[in-house]
Student: 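If you scroll down you'll find the structure; I have some questions about it.
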Number of protein chains: 2
Amino acid sequence: MPFQNEFFKSAFSVDNIIFGFDSENLKVLLIKRAYDPFMGEWALPGDLVRPDEDLDEAAFRVLDELTGVKDVYLDQVHTFGGVNRHPKGRVITVAYYSLINIKNVSIRAASFADQVAWKEIRSIDKLAFDHYEIMQTCLKRLRRDVKFRPIGFELLPPKFTLTELQRLYESVLEQDMDKRNFRKKILSMNVLKHLEEQQQNVAHRPAMLYSFDSEKYASAKENGFIFEL
Amino acid sequence: MPFQNEFFKSAFSVDNIIFGFDSENLKVLLIKRAYDPFMGEWALPGDLVRPDEDLDEAAFRVLDELTGVKDVYLDQVHTFGGVNRHPKGRVITVAYYSLINIKNVSIRAASFADQVAWKEIRSIDKLAFDHYEIMQTCLKRLRRDVKFRPIGFELLPPKFTLTELQRLYESVLEQDMDKRNFRKKILSMNVLKHLEEQQQNVAHRPAMLYSFDSEKYASAKENGFIFEL
DNA sequence: GCAAAAGTGTTTTCATTACACCCATGT
DNA sequence: ACATGGGTGTAATGAAAACACTTTTGC
């Protein structure tokens, strides 16, 4: 299998679908493109992978440049390689999705973007390149993953109420859930730490705060426990 | 995001994990490499993606060249892009897995391989490049998918007995199942066609033959039915 | 005192598991 | 007649779903 030059006329990129949650709706971070092609249109943040960079590294770099956050949940989803997906040449792109707490982040325009903004998922109906398809694929993946892994917590602040957690799941899965059953189930999993702390300044009975207990989760998983919502 | 030349010094390939089942064990199709690097070692079949070829096309092509079969189940799994995964340059590879009926296939050596052979999964402990890791990732994926989609049938001949189907699931999932419960469940899904035909020449009561009924499955799926084993 | 969300158990329904014997065929 | 795998039902258990009222706070 000798290497021929024609095979080296291609490039690869990563594109990030960065999900966030604002206590109401599931959102995704988009950029307005500053260059052709698709100048002025909304697109997923992404970049070409550098020659000395692993794929995951590239995805983390894009995320960091845009949001300043590191150490977040990030997972590869799918690689899109249609011959004509990029008008300027053969570029295959590896799609990643990440989950971040929207409040920890002050987004900043990067070199490749005029504007950066959180957009409600449901309001998006087109994006540059094949990015709309990529977003839908990642959304589908998120919906599947969130039921089988405790990743929802990544979208919330460290301390949260059970109702916030429920709203998050309802928003991601686009289905309502029963309050009592939700609590029963999530608490029975024994992955939450019940804090001795309440909400402040709310015009109703204040809710107790919880945090995700990664130690409990790790040891439960050791014993064959499977998170499933 | 201008295109710079240094980004075009890389190549991408596809690698196929081709699963088969011989009524006993889960197997995977491997090649013995005819060229350096890793000449003489067992590896996954794969090839560089051609400039005018979609990723999926490339995966189908590799499969076809090796086995002569088309129209089989094939799914993208993950993209491996470590900087040094290929000793001769930057090559990222997109891994696919496919499921084929081992008896329909007469494997043939391809240009890039001396030998081609079905190897029992459990007997494999190393492969060229990062192919062992790739195989493990695909195996994990197969084990997950097979529980949620009716893909197991792809590994069997068109007509099969319920026991064969059960052995397949046991072999893929590496766990024994109860005969009565397995039958009850798979039959209650209503995706099998009960044929008026039996096994021949077996030294025991002949089993009834079944086939997968893709029409029943399609219409059940329309109505929100979810296959789950 | 009223609005707003928090918190809390029981019953019903359904799916999963565990389990043992007779049947049809080839040799 | 014996060895081999084929084929069948029921009872017990546990998980999921449905469902309504009291509590605490801010205004």
Side-chain angles (χ1 to χ4, degrees), chain A residues 21-25 146-148 156-157 159-171 173-211 220 223-229, chain B residues 21-25 146-148 150 156-157 159-171 173 175-211 220 223-229:
Chain A
F21 180 68
D22 66 356
S23 314
E24 294 267 330
N25 292 297
V146 87
K147 286 184 149 181
F148 294 102
L156 293 171
K159 298 173 181 182
F160 49 84
T161 70
L162 294 182
T163 301
E164 284 168 339
L165 186 59
Q166 183 178 342
R167 293 276 172 276
L168 166 63
Y169 275 95
E170 288 176 336
S171 166
L173 298 174
E174 289 194 330
Q175 60 176 251
D176 291 349
M177 297 178 180
D178 178 88
K179 182 162 60 161
R180 281 180 287 194
N181 293 338
F182 179 82
R183 283 162 185 248
K184 207 187 310 171
K185 191 159 188 177
I186 201 84
L187 289 174
S188 75
M189 287 181 186
N190 219 36
V191 296
L192 295 184
K193 191 182 290 170
H194 185 141
L195 305 173
E196 301 300 324
E197 207 175 330
Q198 296 185 329
Q199 279 182 314
Q200 300 291 330
N201 304 316
V202 285
H204 55 78
R205 175 171 173 179
M208 295 302 299
L209 294 174
Y210 289 79
S211 65
N223 303 326
F225 158 81
I226 295 167
F227 180 94
E228 188 181 341
L229 196 87
Chain B
F21 180 68
D22 67 353
S23 316
E24 295 266 330
N25 292 297
V146 86
K147 286 185 150 181
F148 294 102
L156 292 171
K159 299 172 181 182
F160 50 83
T161 70
L162 294 181
T163 301
E164 284 169 337
L165 185 60
Q166 182 178 343
R167 293 275 172 276
L168 167 62
Y169 274 94
E170 288 176 336
S171 168
L173 298 174
Q175 58 177 251
D176 290 349
M177 298 177 181
D178 178 88
K179 182 163 58 163
R180 281 181 287 195
N181 294 338
F182 178 82
R183 284 162 184 248
K184 205 187 312 172
K185 192 158 191 178
I186 200 86
L187 290 174
S188 75
M189 288 180 186
N190 219 38
V191 296
L192 295 184
K193 190 182 291 170
H194 185 140
L195 305 173
E196 300 301 324
E197 210 176 327
Q198 297 186 328
Q199 280 182 312
Q200 301 290 331
N201 304 315
V202 284
H204 55 77
R205 175 173 173 178
M208 295 303 298
L209 294 174
Y210 290 79
S211 65
N223 303 327
F225 158 82
I226 296 167
F227 179 94
E228 187 180 340
L229 197 88

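First the proteins, then the strands, lettered A, B, ... as listed; each starts at 1.
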Student: For DNA chain D, note the earliest and the latest nucleotide, 5' to 3', having some atom under 4.0 Å of a heavy atom belonging to chain B.
Tutor: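 Using the under 4.0 Å cut-off, the span is D/dA3 to D/dT10.
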
Student: In terms of side-chain geometry, is the basic nitrogen of A/Arg167 or A/Glu170 positioned less than 4.0 Å from the acidic oxygen of its partner?
Tutor: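 The answer is yes: the pair qualifies as a salt bridge.
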
Student: Just the rounded figure in Å: distance from P of C/dA4 to CD of A/Glu164.
Tutor: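 Spelled out: CD on A/Glu164 to P on C/dA4 is 19 Å.
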
Student: Mind calculating the distance between NZ (B/Lys179) and C1' (C/dT17) to the nearest angstrom?
Tutor: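 Going from B/Lys179 (NZ) to C/dT17 (C1'), I get 17 Å.
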
Student: Both B/Arg167 and A/Glu228 contact DNA chain D. Which one's nearest nucleotide lies toward the 5' end?
Tutor: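 Whichever sits nearer the 5' end wins; that is B/Arg167.
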
Student: For side-chain contact (heavy atoms from CB on, under 4.5 Å), just list the numbers for B/Lys147 and B/Leu173, CA-CA rounded to whole Å, side-chain angles, deciding distance to a tenth of an Å, and then say yes or no.
Tutor: CA-CA 9 Å; B/Lys147 286 185 150 181; B/Leu173 298 174; 4.1 Å; yes

Student: In whole angstroms, how far is the P atom of C/dA6 from the CE atom of A/Met177?
Tutor: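 In whole Å, C/dA6 P and A/Met177 CE are 16 Å from each other.
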
Student: Between B/Leu156 and B/Tyr210, is any pair of side-chain heavy atoms under 4.5 Å apart?
Tutor: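 No - every pair of side-chain heavy atoms lies 4.5 Å or more apart.
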
Student: Using side-chain contact (heavy atoms from CB on, under 4.5 Å), reason through A/Phe225 and A/Met189 one step at a time and then give a plain yes or no.
Tutor: CA-CA 9 Å; A/Phe225 158 81; A/Met189 287 181 186; 4.0 Å; yes

Student: What integer distance in Å separates B/Gln175:CD from C/dT17:C1'?
Tutor: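 These atoms are roughly 13 Å apart.
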
Student: Using a heavy-atom cut-off of 4.0 Å across all strands, would you classify A/Lys184 as base, sugar-phosphate, or nothing?
Tutor: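 Base contact - A/Lys184 has a heavy atom under 4.0 Å of at least one base atom.
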
Student: Quickly work out the B/Ile226 CD1 to C/dA15 C1' distance and round it to whole Å.
Tutor: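 Nearest whole value for this atom pair: 15 Å.
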
Student: Which is true for A/Thr163 with a 4.0 Å heavy-atom rule: it touches a base, it touches only sugar-phosphate, or it touches nothing?
Tutor: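 Since only primed, P, OP1 and OP2 atoms lie under 4.0 Å of A/Thr163, the category is sugar-phosphate.
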
Student: Of A/Gln200 and B/Leu162, whose closest DNA chain D nucleotide lies nearer the 5' terminus?
Tutor: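 Here B/Leu162 is the residue nearer the 5' end.
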
Student: Rounded to the Å, how far apart are A/Arg183 CZ and C/dA5 P?
Tutor: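 About 13 Å, once rounded to whole Å.
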
Student: Mapping B/Arg205 and A/Ala207 onto DNA chain C by nearest heavy atom, which one lands closer to the 5' end?
Tutor: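 Taking each residue's closest nucleotide, the earlier one in sequence belongs to A/Ala207.
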
Student: Does a side-chain N or O from B/Lys185 land closer than 4.0 Å to OP1 or OP2 of C/dT16, or not?
Tutor: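 For C/dT16, OP1/OP2 do have a side-chain N/O of B/Lys185 under 4.0 Å.
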
Student: May I have the step-by-step check of side-chain contact (heavy atoms from CB on, under 4.5 Å) for A/Leu168 and A/Val146, ending in yes or no?
Tutor: CA-CA 10 Å; A/Leu168 166 63; A/Val146 87; over 6 Å; no

Student: With side chains defined as the heavy atoms from C-beta onward, is the minimum distance between A/Leu229 and A/Met177 less than 4.5 Å?
Tutor: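 Heavy-atom side-chain distance check passes, below 4.5 Å.
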
Student: Does any donor-acceptor pair link the side chain of B/Arg180 with the base of C/dA20 at a separation under 3.5 Å?
Tutor: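 Answer is yes: a donor-acceptor pair is held.
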
Student: Is any side-chain heavy atom of B/Gln166 less than 4.5 Å from a side-chain heavy atom of B/Asp176?
Tutor: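 No, side chains not in contact.
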
Student: On DNA chain C, does the nearest nucleotide to A/Asn181 precede the nearest nucleotide to A/Pro206 from the 5' side, or the other way round? Give the residue.
Tutor: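 Residue closer to the 5' terminus by nearest nucleotide: A/Pro206.
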
